[in-house]
Amino acid sequence: MSSVLPVLCGAVLLGAPGYLMLCALDVRLRLRWGWAPAVTVLLTVVLGALFRVLGIRWTLLSAVIGIVLLVALAAVVRLALQRRTARRLTTSTSTSTSTSTSTSTSTSTSTSVGVPAPQDWSRGTAAAVTGASILSGALVAASAARRMGGISTLNGSFDSFFHLSAAAFIRERGDASFTTALSDIYGEPTFYPVVFDDLVAILPFDVITAANAMMLAMLAAIPPAVAAMVVGVSRPARSAPLLVALSAGAATLFLSTPAMALVMGLWPIVLGVVCLAPAIAAVLMLTDRRHGAPGVGTAAGLVLIVIGTALAHPSVLFSVAVVAGLRLLAGGIERMLGGGRLRGLIEVCAALAAAVLFVAGSHVLLSGMALTKPSLDGVGSVLGEILLDSPRIPAVPALLWPMAALWILAMIGAAAAVRSREVLGATAALGLLASLMLGVATQIDHPLAVALVNPWYGARERIAPLMMCMLVLLMARGLLALLESGGRRRRSLPGALAVGAVVVTVLIALVTPQRLPLMGSLAYTAYGVQLTPYVTSEERSFIERTAQELPEGSVVLADPLDGATLYWSVGGVETVFATMSRPLTREKTLIAHYAHRAGTDEASVELCRALESVGPTHLYRDTSEASGQRINPEDSERWRGVHDIPESRLTLVDASGPYALYELDPAC
């Protein structure tokens, strides 16, 4: 199957609901497509919860109807508020024609929801910038997909198996609520950021194709999101459209997020990254006082963007919090230098107190999130990889040239911002420094360092998107400084050279085999370069074939590291362990540890009750070189009771090489 149609469907599902809502609310933003995913997340969560309460199944049709109704309701409310405001203003103003005209114009502007009117771009300019940002995203998706082996190729990473099962559960059960959608996995209502899985579940393709399509659509959405951030916080300038388009292109140069998507299967965090740039812009716009305090509607709209980002993935909210704290710090310092010492000192102290509370709270509440083992490389080597945004993947080289132009321009931008005492520029510079420090902290085994990075699971790839946003903001400021350095009457040669350097770098980086195309292969086709697959193509074929032959009501028992989760996510057959996570209920833990004891004197009453409750009817075994016991023996030990079920309780149903499916005698 061609990847174009599935990815296009994924992009529409990711962006269209939010875009339509922004239009319905008359939110006056440039590059609405960049802001739209955060709004889509919010709409998905609201509809998922509402459908759960009303007993409505989560399907493509019901979701579309729900979105249309919410958009229509928003438009009706906005129009009603506009008419009410217009009537109130009409009765309280002069009857003169000039005053009435002025009032009408004022009403039209003040009743829109969102930010103040954007920079005065012509329609052609706006269309060109939007097209450039969308094209940048499309090129990222195309480059990433080059070595995936097709849109239906299975991602062989650990986390992808969880999300394939999650999407299959949501599709089967019709429950998209963020607390109950995965109850079948966790055994009880549990909060989980399921928006990615919700969207995958209603794409009209098989689960694997739908997940791959949504993953590529998310990568394609990052350049427009970064461009939306830049246009949202930048000061008006003649060169603004060019800077925004270049910012979208620059977003294609960063590798940590594609690595999380393509190699690690961390798909919900990628959705969070898509929303991160607009959320950062929202925080900076909320605190921007250059045009006065934002109105109630504006503030509410921007706050909702941040909430949507948190619902996409909560860990991303901590990156937004870092920017908010640094904005408070930078603003306080600027006030102190400008003469407002008392208020500035209060803001600085508040920022520092927030940082202390952040670290203390992380140490106490998030200590269990330090899951990433530090690299064996030295701190200096790791810092170099962080500067180049090279993920912890040995097969991906840390190349200097793709990032060199960005760093040079960012340093120029930081210097220009500091010289001009620009609070937003200073915030970006501090944010860039903070992201580097946090990245290095992932390598330091000290309670303070661990507490600093707990919210990001101790992984520098999760911190890197913050560096991306700050670096692109400063790059745009540096380009602006160079473009304005030549005066109004003649083009700046340094500016032209800088623009050319960014364009050439982007075009070459997108086709360089050692970058996105390489990562597109590591968890899809070239397993030996990076990881051993949990399922080979032969094993997948066996599972798909036998799943179709099993009678209705069958329940498959197996070590999930043997790929048996595909019986559920691909074959639609219930499995005892539908993900490769540790057993999450007492019943399933008993089965995992002691299933081999059934029918013996060692069998406990609790074990027999668990087997009767879960009801496994078949056993799947993988004895190949890629079995769970061989590629991950420590984790596979959790299912030792499944491995040791005696042959006397098994009747062979089908076998192909090292793969076998048996009918199981529960023996209790």
Side-chain angles (χ1 to χ4, degrees), residues 154 161 164-165 168-169 172 184 533-580 583 585-633 635-668:
L154 177 69
F161 281 77
L164 292 174
S165 290
F169 270 115
E172 176 70 17
D184 288 322
Y534 288 98
V535 174
T536 62
S537 58
E538 295 80 10
E539 184 177 7
R540 175 182 171 182
S541 298
F542 177 81
I543 290 174
E544 288 181 313
R545 176 171 58 80
T546 54
Q548 299 302 314
E549 298 170 355
L550 284 173
E552 186 177 353
S554 298
V555 179
V556 175
L557 174 65
D559 180 342
L561 296 181
D562 287 344
T565 64
L566 292 187
Y567 269 106
W568 168 246
S569 61
V570 174
V573 176
E574 184 177 347
T575 63
V576 177
F577 305 104
T579 75
M580 294 190 288
T585 66
R586 175 173 173 76
E587 288 183 335
K588 292 185 178 181
T589 300
L590 286 170
I591 293 173
H593 289 177
Y594 307 114
H596 65 292
R597 293 183 179 180
T600 70
D601 294 339
E602 296 179 305
S604 65
V605 174
E606 290 81 6
L607 172 62
C608 288
R609 287 176 178 172
L611 286 168
E612 183 179 355
S613 173
V614 175
T617 60
H618 292 77
L619 177 77
Y620 170 71
R621 276 182 174 167
D622 172 14
T623 56
S624 69
E625 292 296 324
S627 67
Q629 287 181 288
R630 298 196 182 189
I631 66 174
N632 204 340
D635 286 344
S636 185
E637 182 64 15
R638 294 169 177 165
W639 294 276
R640 57 184 178 274
V642 175
H643 301 152
D644 296 337
I645 292 176
E647 297 290 335
S648 60
R649 292 172 53 194
L650 304 177
T651 302
L652 183 65
V653 174
D654 201 341
S656 177
Y659 314 116
L661 181 67
Y662 301 89
E663 187 175 351
L664 173 65
D665 176 10
C668 270

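Remember, predicted model here, so these are calculated numbers, not experimental data.
In this structure, E538 and F542 have side chains that are not in contact, with every pair of non-hydrogen atoms separated by 4.5 Å or more. For the pair V642 and L619, the minimum side-chain heavy-atom distance is below 4.5 Å. Contact annotation: the side chain of I543 never approaches that of V570 to less than 4.5 Å [non-hydrogen atoms, C-beta and beyond]. The shortest side-chain heavy-atom distance between T546 and Y567 falls under the 4.5 Å cut-off. Side-chain contact between H593 and P583 is absent, with no heavy atoms from C-beta onward closer than 4.5 Å. A 4.5 Å side-chain heavy-atom check between L661 and L550 finds at least one atom pair inside the cut-off.
Sorted by first and then second residue, the ring-ring contact (aromatic ring centres under 6.0 Å, His included) pairs involving residues 646-668 (not counting sequence neighbours) form an empty list. Counting only residues at least two apart or on different chains, the disulfide bond (SG atoms under 2.5 Å apart) pairs with a member in residues 590-630 are C608-C668.
Here the CZ-OG1 distance, from R630 to T623, works out to 7.0 Å after rounding to the nearest 0.5 Å. Atom-to-atom distance recorded for F161:CZ and L561:CG is 9.5 Å, nearest 0.5 angstrom. To the nearest 0.5 angstrom, E602 atom CD is 10.5 Å from L607 atom CG. Here the OG1-CD1 distance, from T585 to I591, works out to 7.5 Å after rounding to the nearest 0.5 Å.
Looking at every heavy atom in both residues, T575 comes nearest to A564 through CG2-O, 3.6 Å. When all heavy atoms of D644 and R621 are compared, the closest pair comes out as C-NH2, 4.3 Å. The two atoms that bring T565 and P560 nearest to each other are CG2-CB, 3.9 Å, heavy atoms only. Nearest heavy-atom pair, T579 versus S165, reported as atom, atom and distance to 0.1 Å: CG2-CB, 4.1 Å. The shortest non-hydrogen separation linking D562 to Q629 is OD1-N, 4.4 Å. A pairwise comparison of heavy atoms in D184 and K588 identifies O-NZ, 4.0 Å as the closest pair.
Of the residues listed (V555, V653, L557, L664), the one engaging H618 in a side chain to side chain contact (heavy atoms under 4.5 Å, CB included) is V653, and it is the only one.
Counting non-hydrogen atoms of other residues, nucleotides and ligands closer than 6.0 Å to CD of E612 gives a total of 12 or fewer. Counting heavy-atom neighbours within 6.0 Å of R609 CZ, excluding the residue itself, gives a total of 12 or less. The neighbour count for R586 CZ, taken as heavy atoms of other residues, nucleotides or ligands under 6.0 Å away, does not exceed 12.
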Chi angles and distances behind the side-chain contact (heavy atoms from CB on, under 4.5 Å) call for L154, Y534: CA-CA 10 Å; L154 177 69; Y534 288 98; over 6 Å; no
Candidate pair N632 and M580, rule side-chain contact (heavy atoms from CB on, under 4.5 Å), full reasoning: CA-CA 11 Å; N632 204 340; M580 294 190 288; over 6 Å; no
Test log, rule side-chain contact (heavy atoms from CB on, under 4.5 Å), inputs S636 and H643: CA-CA 9 Å; S636 185; H643 301 152; 3.1 Å; yes
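Looking at Y594 and E606, their side chains never bring a donor and an acceptor atom within 3.5 Å of each other.
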